[in-house]
Amino acid sequence: MNVPVIYKRAPGQVVYHLDQTSPVPTLPHELHEHVSAAAWASRIPQLIRLSKRHYKPAFEIIFFISLFITTITVPAAVRDIILPSLEKKMKRREAHHQSNFVAFAIFIGVVLLFAVPYVSWKWIGQKRATALVKQWQAEDARLRPPGAFVPIWTVNLYGNFSSSVVR
């Protein structure tokens with residue numbers, strides 16, 4: 001069973017690296033005055049559930065392999081297909097320049113075709129996690145008297161091929 005690793009503990013900061021199978025860590029003593037144990041015990045599983053929706057390692061590996069293969073093969077194949085027809089219409093040197101430009105444009109198009117949905121998926125997940133921790137902050141602020149210290153929650157979801165949520 002994986003135990004969360006306390007990465008950094010400073011006077012004003014506690015950072016946890018959690019993975020999908022992490023048990024709920026105990027409430028750090030720095031937060032005892034600010035968060036109840038019950039709230040803490042419900043927040044960590046919420047965060048892990050949300051992060052699971054935006055971390056699919058098998059999908060990411062297949063995605064990046066497909067991206068790598070497609071960005072090489074599609075522009076090369078298109079260049080080889082259009083080069084002979086361009087050579088019939090213009091000088092050989094000009095045809096090579098044109099076919100290279102078309103291949104580069106297709107390369108950029110393929111990268112965008114793959115990258116935009118992937119980056120959007122990761123961005124939406126991070127945005128949802130940020131909204132979740134802002135909700136926690138608002139809840140903590142409601143429970144505290146006006147002007148009292150309220151902990152600031154931040155979260156960074158899984159990166160590419162990474163299995164920890166930084167909190």
Would you give the length of the straight line joining atom CG of L113 to atom OG1 of T71, rounded to the nearest 0.5 angstrom? 11.5 Å

If the condition is ring pair (Phe, Tyr, Trp, His ring centres under 6.0 Å), which residues does H34 pass it with, not counting sequence neighbours? F149

Measure from the ring center of F64 to the ring center of Y118 and say whether it is less than 6.0 Å. yes

With heavy-atom distances below 4.5 Å as the criterion, would you say the side chains of P28 and W40 are in contact? yes

Please output the side-chain donor-acceptor pairs of residues 81-91 that fall under 3.5 Å, not counting sequence neighbours, one pair per line with the distance.
unit_1, atom_1, unit_2, atom_2, d
S85, OG, I82, O, 2.9
E87, OE2, R92, NH1, 3.1

Throw together a table of side-chain donor-acceptor distances under 3.5 angstrom for residues 99-107, partners on residues two or more places apart or in other chains.
unit_1, atom_1, unit_2, atom_2, d
S99, OG, A95, O, 3.1
S99, OG, H96, O, 3.0
N100, OD1, R79, NE, 2.5
N100, OD1, R79, NH2, 3.4
N100, ND2, H96, O, 3.2

How close do P45 and A41 get, counting heavy atoms only, and between which atoms? CD-O, 2.9 Å

T70 (side chain) donor-acceptor with L67 (main chain) under 3.5 angstrom: no

I'd like to know whether CD1 of I108 has more than 12 heavy-atom contacts from other residues, nucleotides or ligands below 6.0 angstrom. yes

CD1 of I65 to CD of E60: how many Å apart, nearest 0.5 Å? 12.0 Å

Find out if a path of hydrophobic residues (ILVMFWY) with successive side-chain heavy-atom gaps under 4.5 Å connects V150 to L132. no

For the pair R93 and H97, evaluate side chain to side chain contact (heavy atoms under 4.5 Å, CB included) and give the outcome as yes or no after the intermediate values. CA-CA 6 Å; R93 184 181 190 112; H97 289 301; 3.8 Å; yes

Mind checking side-chain contact (heavy atoms from CB on, under 4.5 Å) for R128 and listing every partner two or more places apart, or none if nothing turns up? L50, H54, I124

Between I44 and W153, is there shared hydrophobic-cluster membership here, with clusters defined by ILVMFWY side-chain heavy atoms closer than 4.5 Å? yes

Going by side-chain heavy atoms closer than 4.5 Å, which hydrophobic residues are tied to V119, directly or by a chain of links? none

Quick check: is V111 connected to V116 through a chain of hydrophobic side chains (ILVMFWY, heavy atoms under 4.5 Å apart)? yes

Y55 and W121: ring pair (Phe, Tyr, Trp, His ring centres under 6.0 Å), yes or no, with the steps? CA-CA 10 Å; Y55 174 66; W121 175 57; 8.8 Å; no

Specify the closest pair of heavy atoms between L112 and P117, including all atoms of both residues, with the distance to one decimal. O-CD, 4.0 Å

How would you list all residue pairs meeting salt bridge (charged side-chain N to carboxylate O under 4.0 Å, His left out) that involve residues 130-147, not counting sequence neighbours? R43-E139, R43-D140

At what distance, to the nearest 0.5 angstrom, does CD1 of I48 lie from CZ of R53? 13.0 Å

Side chain to side chain contact (heavy atoms under 4.5 Å, CB included) evaluation trace for R49 with Q46: CA-CA 5 Å; R49 271 193 311 275; Q46 273 182 323; 3.6 Å; yes

